[in-house]
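Below is one structure, written out as structure tokens; comments come after it.
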Amino acid sequence: MLFLFVSANAQEKYSDASRLQSAALVQAFDEEYNPVDVIHYDVALSVDFATTSIRGVAAIDVALTDADANLFYLHLQNLDITAATLNDSDVSFLRQSDKIYFQLQKPDSIFRLRIEYSGVPGNDGFGGFFFKNDYVYTVGEGLNSYPPSMLRYWIPSHDVPNDKATLDLHLTVDDDLQAFSNGLLVSIDENDDGTKTFHWQERHPIATYLVAIVVGPYATFSIPYTSLTGDDLPLEFYVFPHHLETAREDWKDITKMMDFFERRYGPYPFDRYSMAEADNRGAME
């Protein structure tokens, strides 16, 4: 078994004894037991089409589910970690496969991890992160991986379906592109370097496999809909420009579908319903 030890501060030295202690803890760790509950993700993500790479900073609010725990892990697949802090102090970690292990010296019931990372994101053939010429999309469910949650391909996360969290996602892209994600659009900021940053916010706790983005030169349209609660519920659609009229025809009955399911199962529980076109071999809710 191979372990890679990475220091969050390249100038800081760790003794061999400390490394061996951490490695021994990881080797003895039960992977089915991970004493964390993520409360909130606040992620800034830059998408670079020229290099098909991403650069991110993830601030993650974590609660311990075991007050006596001194070790836990998050998931991250392939991407490089350039810095990490726990409650604003440098923290060391061990990487094993797609897991990042953190050792707690003084456990707090709730704490914040901040992880800077970058690289070329991947996928398992069905789920993950995809660059396709002039647009990007993600699929949160992997058919060729276990567990099937794919957020680990582009955000450090406790990437299991039963750990739901709220989300703020700041997507920085070239200024001729649009970027969409979960929740509601809070703002669009023009940057001095010819990019734009879209801030999306999901206020409802959401499973990691449902977190998604699309980025590209999309055409957009919307259809008005009033929910069973009497509230206006945005129905928004993002499509390739040459498919705009086809999409209007194909999706014209979405209001009837929404009404059907609301009357049988209850009011739609999120702030918005959206659909995005992508050239993949399946679909993802």
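Only this structure's heavy atoms are used, side chains among them; waters, hydrogens and symmetry mates stay out.
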Check: Can you check whether Glu202's main-chain N or O pairs, donor with acceptor, with Asn182's side chain at less than 3.5 Å?
Finding: no

Check: Short question: side chain of Asn123, backbone of Phe130 - any donor-acceptor pair under 3.5 Å?
Finding: no

Item checked: Atom CZ of Arg55 with >12 non-hydrogen neighbours under 6.0 angstrom -> no

Notebook entry, point to check: Is there a donor-acceptor pair closer than 3.5 Å between any side-chain N or O of His75 and the backbone N or O of Arg152?
Noted result: no

Notebook entry, point to check: Taking atom OG1 of Thr166 and atom CZ of Arg203, what is their separation to the nearest 0.5 Å?
Noted result: 11.0 Å

Note to self: Students often mix this up, so state it plainly: with edges at 30° and 60°, are the rings of Phe261 and Tyr265 parallel, tilted or perpendicular?
What the structure shows: parallel

Next item on the list: Check the angle between the aromatic planes of Tyr273 and Tyr268 and answer parallel, tilted or perpendicular using the 30° and 60° thresholds.
Entry: perpendicular

Check: So, does Thr220 use its side chain to make a donor-acceptor pair with the main chain of Phe237 at under 3.5 Å?
Finding: no

Check: Considering all heavy atoms of both residues, which atom of Trp251 and which atom of Phe221 are nearest to each other, and what is their separation?
Finding: CE3-CZ, 4.0 Å

Notebook entry, point to check: Do the ring planes of Phe102 and Phe93 sit parallel (below 30°), tilted (30 to 60°) or perpendicular (above 60°)?
Noted result: tilted

Check: Quick one: OG1 on Thr172 to CG on Asp193, what's the gap to the nearest 0.5 Å?
Finding: 8.0 Å

Next item on the list: Take Tyr238 and Glu236, measure what side chain to side chain donor-acceptor pair (under 3.5 Å) needs, and give me the verdict at the end.
Entry: CA-CA 7 Å; Tyr238 321 124; Glu236 299 176 353; 2.9 Å; yes

Check: Quick one: do Val239 and Met257 end up in the same hydrophobic cluster if we chain Ile, Leu, Val, Met, Phe, Trp and Tyr together by side-chain heavy atoms under 4.5 Å apart?
Finding: yes

Check: For Thr226, does its backbone N or O pair with a side-chain atom of Asp232 as donor and acceptor, under 3.5 Å?
Finding: no

Next item on the list: For the pair Lys196 (side chain) and Gln178 (backbone), establish whether a donor and an acceptor sit closer than 3.5 Å, ignoring hydrogens and angles.
Entry: no

Note to self: Looking at Tyr225 and Asp259, would you say the former's side chain and the latter's main chain have a donor-acceptor pair under 3.5 Å?
What the structure shows: yes

Margin query: If I take atom CG from residue Leu76 and atom OG from residue Ser157, how far apart are they, to the nearest 0.5 angstrom?
Written below: 7.5 Å

Checklist line | Straight-line distance of Asn34 CG to His158 NE2, nearest 0.5 Å | finding: 4.0 Å

Next item on the list: Give the minimum heavy-atom separation between Ala69 and Leu104, together with the two atoms involved.
Entry: O-CD1, 4.2 Å

Notebook entry, point to check: Would Leu64 end up clustered with Ile60 when hydrophobic side chains under 4.5 Å apart are linked, directly or stepwise?
Noted result: yes

Margin query: Hydrophobic cluster membership, with links at side-chain heavy-atom distances under 4.5 Å among I/L/V/M/F/W/Y: are Phe240 and Leu244 in one?
Written below: no

Check: Which atoms form the tightest heavy-atom contact between Tyr117 and Trp154, and what is the distance?
Finding: OH-O, 2.8 Å

Note to self: Donor-acceptor pair, distance only, cut-off 3.5 Å: does the side chain of Trp200 make one with the backbone of Ala179?
What the structure shows: yes

Checklist line | Pairwise distance CG(Asp271) to CG(Leu185) - rounded to 0.5 angstrom | finding: 12.5 Å

Item checked: Atom NZ of Lys252: over 12 foreign heavy atoms under 6.0 Å -> yes

Margin query: Rounded at 0.5 Å granularity, tell me how far OG in Ser181 sits from CD in Gln201.
Written below: 11.5 Å

Item checked: Test item: Asp48 side-chain N/O and Ser53 main-chain N/O as donor-acceptor pair under 3.5 Å -> no

Margin query: Counting the benzene-type ring for Trp, do Phe72 and Phe111 have ring centres under 6.0 Å apart?
Written below: yes

Item checked: Geometric class of the Phe270/His204 ring pair [parallel <30°, tilted 30-60°, perpendicular >60°] -> perpendicular

Next item on the list: Would you sort out whether Asp37 and Thr65 count as a side chain to side chain donor-acceptor pair (under 3.5 Å), showing the intermediate values?
Entry: CA-CA 7 Å; Asp37 174 21; Thr65 59; over 6 Å; no

Check: Between the main-chain N or O of Gly183 and the side-chain N or O of Arg272, is there a donor-acceptor pair closer than 3.5 Å?
Finding: yes

